[in-house]
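The structure under discussion appears below in the form of structure tokens.
Position 1 is the first residue of the sequence, and the numbers go up from there. Order of listing sets the numbers, starting from 1, for every ligand and every atom in it. For clarity, every value in this text was computed on a predicted model and none was experimentally measured.
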Amino acid sequence: MYDLLIIGAGPGGYVAAIRAAQLGLKAVVVEKDTPGGVCLNWGCIPSKNLIHQAELFHSLTEMEAVGVGVSRDSLDYSAVQGKSREVVKTLTNGVAGLLKRNKVEYINGTASITGKGEVSVDGKQLQTRNILVATGSRPMEVPGFEFDEERVLSSTGILAMTELPESLLILGAGAIGCEFAYVMNSFGVKVTLVEALAHILPTEDFETCAVLDQALRQSGIDVRVKTRAGNLSRGNDGVTATLVAEDGSEETVAAGKALVVFGRSPNTAGLGLVEMGVKLDQRGYVPVGDYCQTSAAGIYAIGDIIRSPALAHVASAEGEMAVEHMAGHKPPRKAVDTQLVPSAIYCEPQVAGFGLREDEALLDGIEVKKSVFNYHGAGKTIAVGKPTGLVKVLCDPQTDELLGAHIVGHNATELLHELLLARSAELLPEDISTMIHAHPTISETLMEAMKGVNGSPIHGY
Ligand SMILES: Cc1cc2nc3c(=O)[nH]c(=O)nc-3n(C[C@H](O)[C@H](O)[C@H](O)COP(=O)(O)OP(=O)(O)OC[C@H]3O[C@@H](n4cnc5c(N)ncnc54)[C@H](O)[C@@H]3O)c2cc1C
């Protein structure tokens, strides 16, 4: 008899398993594939390694300017891909090692719930007091845009691709679409990036996205917003699609391959959830309570199968919280506060943010005090050749409380956490603006943006 059986060893499941072991629970995690889930195998990690390699490749231009020449024609993309898979292996082995070190039992197999406290793993019955479902998500397939992983790729397909196409049509300019647009363009692929909504990264702040949009266009990417794709057809030479702009004008675009990234679908079918009384919503997500409890006693659900932001760090936080709850501890937090969840998009320039966005404030009639500081005001950004970017903070006009922060620029995803800590600890702009920041650092942009809330930055333009 286990205290806890976890289905899925992604960043939700494996982190929950380790926390369970730390709390003295007898835990087992069942994974049908490789430890680490989508994040380590087909998501965050391989994509970030490709971005890193794309940045290195891109930096050859700077090297050429000082006389170091490397032939771009010698690029071997299968070796790039090989490097990315090596990194994946190191980290998935690391997760297996962590589980072992924490004495979490790991079973490789496919699990389904067959009764109260009973889980079948490839036909073998296991008994457990609690079940945590952390089965994650898969690329969303839309009629007319089905994946064949040859011509029409999902994010998994493009992460397995060993040869570069001459051109790539990317449908969907969310985080994954933008990151692959950056990677493929850096390696010399002609990229068309299509988004139906008003701007790329539709869930991010429009001003930061405008900076990224301009940078992508300047690097040669054909960015189309307010444009719908249809009639995707595939032939021996590649794909064609009809792009319909907002004004109704149509254009047929051809490319070697298409990458379709319209979203993700939760993996909740075939697990025995409904049979056990676990409610699912129309799209197959699991509605949960404050500590990720489902509608069936003893069954919890976390990560991409619930309606919180589909991010690895959210899945991990939920995993810890659910386990603390079932262990009878007071979890450090009740539910994940989406206002405090950082978002991070890793192309160059990076985009990162949390909390209130300016467009939401405008729409909901929320008054804000806004301060924006441009990256080029901090000497370090010029010194390292990354002057493009801005830091935007939105504060409550009465209390100065930080309501949201949005950054676009080099290292934005690392910088954001200073502001997130300020928000979590309820610090005021003066706490950051009077704190001495090392010079030269890009962090000085945060100090300067905070000076701008109730006064003026020193290096403002
Ligand atoms: C290309 C890409 C890039 C991304 N980049 C980022 C990023 O930079 N930052 C970020 O925060 N997020 C990123 N994400 C999202 C992130 O990967 C997910 O939010 C995260 O992996 C969700 O974690 P999870 O534990 O809920 O599920 P998953 O990571 O999907 O893991 C679920 C696991 O459950 C297993 N499983 C499913 N059914 C069963 C079963 N019946 N029996 C046994 N095992 C089963 C699966 O094999 C899988 O290993 C990215 C996603 C993609 C696709």
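A cation-pi arrangement, defined by a distance under 6.0 Å to the six-membered ring centre and an angle within 45 degrees of its axis, is present between R85 and W42. The cationic group of R72 lies under 6.0 Å from the six-membered ring centre of F57 and within 45° of the ring axis, placing it in a cation-pi geometry.
Counting the atoms of ligand 1 from 1 in the order shown, those under 4.0 Å from a heavy atom of L311 are 10 (C), 11 (O), 12 (N), 19 (O). Each of the atoms 25 (O), 29 (O), 31 (O) of ligand 1 lies under 4.0 Å from some heavy atom of G10. Those atoms of ligand 1 with a heavy atom of C39 less than 4.0 angstrom away are 17 (O), 21 (O), 29 (O). Heavy-atom contacts of R264 reach the following atoms of ligand 1: 53 (C) (cutoff under 4.0 Å). Taking every heavy atom of S137 and a limit of under 4.0 angstrom, the matching atoms of ligand 1 come to 30 (O). When each atom of ligand 1 is checked for a heavy atom of I7 under 4.0 Å away, the hits are 40 (C), 42 (N), 43 (C). In summary, the atoms of ligand 1 found under 4.0 Å from a heavy atom of G12, numbered by their order in the structure, are 25 (O). Listed by atom number, the atoms of ligand 1 under 4.0 Å from V30 heavy atoms are 43 (C), 44 (N).
Counting only heavy atoms of the protein, atom 28 (P) of ligand 1 lies nearest to V38 N, 3.6 Å. If you check which protein heavy atom lies closest to atom 51 (C) of ligand 1, you get G43 CA, 4.0 Å. The protein atom (non-hydrogen) at minimum distance from atom 42 (N) of ligand 1 is A111 N, 3.0 Å. The shortest contact between atom 14 (N) of ligand 1 and any protein heavy atom is with C44 SG, 3.7 Å.
Residue A312 has at least one N or O atom closer than 3.5 Å to an N or O atom of ligand 1. Between G36 and ligand 1, no pair of N/O atoms sits closer than 3.5 Å. Residue-to-ligand polar distances keep N267 apart from ligand 1: every N/O pair is separated by 3.5 Å or more. The shortest N/O to N/O separation between I176 and ligand 1 does not fall below 3.5 Å.
By the neighbour-count criterion of 12 heavy atoms within 6.0 Å, atom CD of E150 is sparsely surrounded, having that number or fewer from other residues, nucleotides or ligands. The environment of D148 atom CG is dense: over 12 non-hydrogen atoms of other residues, nucleotides or ligands sit within 6.0 angstrom. The environment of Q214 atom CD is sparse: at most 12 non-hydrogen atoms of other residues, nucleotides or ligands sit within 6.0 angstrom. Under a cut-off of 6.0 angstrom, the local environment of CD in E275 is crowded, with over 12 non-hydrogen atoms contributed by other residues, nucleotides or ligands. For H437, the NE2 atom sits in a packed shell: over 12 heavy atoms of surrounding residues, nucleotides or ligands are nearer than 6.0 Å.
Note on ligand 1: Y346 sits in its first shell, one or more heavy atoms being nearer than 4.0 Å. Residue contacts with ligand 1 leave out E179, since none of its heavy atoms falls under 4.0 Å from the ligand. Residue contacts with ligand 1 include T110, since one of its heavy atoms falls under 4.0 Å from the ligand. Contact annotation: G109 has at least one heavy atom less than 4.0 Å from an atom of ligand 1.
Contact check on K48 versus E179 returns a salt bridge, with a Lys/Arg side-chain nitrogen under 4.0 Å from an Asp/Glu carboxylate oxygen.
With a heavy-atom cut-off of 4.0 Å, A315 touches ligand 1 through its side chain alone. With a 4.0 Å cut-off on non-hydrogen atoms, T156 does not touch ligand 1 at all. Contact annotation for S155 and ligand 1: only side-chain heavy atoms (C-beta onward) come within less than 4.0 Å of the ligand.
For atom 15 (C) of ligand 1, the nearest non-hydrogen atom from the set A310, A301, G303, G136 comes from A310. Looking at K48, H313, E31, K32 and measuring to atom 5 (N) of ligand 1, the nearest heavy atom belongs to K48. Among A9, A344, G37, P11, the residue whose heavy atom sits closest to atom 24 (P) of ligand 1 is P11.
L4 has its side chain within reach of V323: a pair of non-hydrogen atoms, C-beta onward, lies under 4.5 Å apart. Taking the side chain as every heavy atom from C-beta outward, P202 and E195 approach each other to under 4.5 Å. Side-chain contact between L126 and E118 is absent, with no heavy-atom pair separated by less than 4.5 Å. Two residues are said to be in side-chain contact when any heavy atoms from C-beta on lie closer than 4.5 Å; L153 and V260 fail this criterion.
By the side chain to side chain contact (heavy atoms under 4.5 Å, CB included) test, D359 pairs with F206, R357, sequence neighbours left out.
Of the possible polar contacts, none joining the T92 side chain to the T34 backbone as a donor-acceptor pair under 3.5 Å is found.
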